[in-house]
Trainee: 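Take a look at this one; I'll ask things after.
Quick caveat, the model's predicted, so the values are computed rather than measured. Values reported hereafter were calculated over all heavy atoms of this structure, with side chains retained and with hydrogens, waters and symmetry mates removed. Every number for a ligand or one of its atoms is a count from 1 in the order of the listing.
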Amino acid sequence: MRIALYGFMGAGKSSLGQKLAQKLGYDFIDLDTEIEAYTGKTINEIFESESEIAFRKVEHLVLKNFIKQNLDNMVLALGGGSILQPTNRKLLELRNFYKIYINVDIAVLTERLKTQREQRPLLKDLKENDFNDYVKALFESRKQIYEKHADLNFKVGHENFETSLARLHNYLNLN
Ligand code: S3P
């Protein structure tokens, strides 16, 4: 089985993905990490030295190269914007990825992201006063697409990490 986790920045795609893969005995791949390895730059550096458009191109290229390998039994954590590109969705569909939307409440995301903005180029230069509005507007602009393309809309409430992980694992019914 091939599983792709997606959702907004700060949703916990990478940490959930890593642990889920461990529980399933699957490989774990983080798309942003793959992009950094491919380019030899951090995500911040790519946005700074080039642009978001350049980042989206390399994001697609790295996903495509990865998809070509046709690997199975994996959990792939996407970046927060990856699923928005129809060409990326097509690649995932080509290999029958089971797409899971990690759906975290916007208020929780906003609080989390306040302490995790440095490594996130879309957020790190925002003024304090603009932060909440920007995050909310970006989330609202993506929400419909996130929901529309989910094979599973996995809602994470105020439970702790271990509970979410166990719930997701049980849901997949692979234990
Ligand atoms: C982005 C999310 C980031 C990273 C890049 C763009 C986005 O990944 O791909 O900064 O557009 O939401 P995370 O969701 O892992 O932070």
Trainee: Show which atoms of ligand 1 fall inside a sub-4.0 Å distance from at least one heavy-atom site of R120.
Mentor: 16 (O)

Trainee: Does only the side chain of R142 get under 4.0 Å from ligand 1, or the backbone, or both, or neither? Count heavy atoms.
Mentor: side chain

Trainee: Please determine if E50 and K41 form a salt bridge, counting it only when a charged side-chain N lies under 4.0 Å from a carboxylate O.
Mentor: yes

Trainee: Do any N or O atoms from the side chain of K13 and from the backbone of G7 form a donor-acceptor pair under 3.5 angstrom?
Mentor: yes

Trainee: Using a strict cut-off of less than 4.0 Å between a Lys/Arg side-chain nitrogen and an Asp/Glu carboxylate oxygen, indicate whether E162 and K19 qualify as a salt bridge.
Mentor: no

Trainee: Should Q119 be listed as contacting ligand 1, given a heavy-atom distance under 4.0 Å as the test?
Mentor: no

Trainee: With respect to S14, determine whether any N or O atom, backbone or side chain, lies less than 3.5 Å from an N or O atom of ligand 1.
Mentor: no

Trainee: Looking only at protein heavy atoms, which one is nearest to atom 2 (C) of ligand 1, and what is the separation?
Mentor: G80 N, 3.3 Å

Trainee: Would R56 count as a contact residue for ligand 1, given that I'm defining contact as a non-hydrogen atom of the residue lying under 4.0 Å from a ligand atom?
Mentor: yes

Trainee: Any Lys/Arg nitrogen of E140 or K136 sitting under 4.0 Å from an Asp/Glu carboxylate oxygen of the other?
Mentor: no

Trainee: What atoms of ligand 1 come within less than 4.0 Å of a heavy atom belonging to I43?
Mentor: 5 (C), 10 (O)

Trainee: Using a 4.0 Å cut-off to any heavy atom of L122, which atoms of ligand 1 qualify?
Mentor: 7 (C), 11 (O)

Trainee: Nearest heavy atom to atom 8 (O) of ligand 1 wins, so pick from D32, N44, L5, I83.
Mentor: D32

Trainee: Are any of the N/O atoms on K13, whether in the backbone or the side chain, positioned under 3.5 angstrom from an N/O atom of ligand 1?
Mentor: yes

Trainee: Strictly distance-based, threshold 3.5 Å: is any side-chain N or O of Y146 a donor or acceptor partner for the main-chain N or O of G80?
Mentor: yes

Trainee: Which of the atoms in ligand 1, numbered in the order shown and given with their element, are less than 4.0 Å from a heavy-atom of P121?
Mentor: 10 (O)

Trainee: Given the side-chain rings of F154 and Y101, with only the six-membered ring counted for Trp, is the space between their centroids under 6.0 Å?
Mentor: no

Trainee: Verify side-chain hydrogen bond (donor to acceptor under 3.5 Å, both in side chains) between R120 and Q116, making sure each step is shown before the conclusion.
Mentor: CA-CA 7 Å; R120 294 199 161 87; Q116 301 177 4; 2.8 Å; yes

Trainee: Just jot down the ligand 1 atoms closer than 4.0 angstrom to any heavy atom of G79, in number order.
Mentor: 8 (O), 9 (O), 14 (O)

Trainee: Are more than 12 heavy atoms from other residues, nucleotides or ligands located less than 6.0 Å from atom NZ of K114?
Mentor: yes

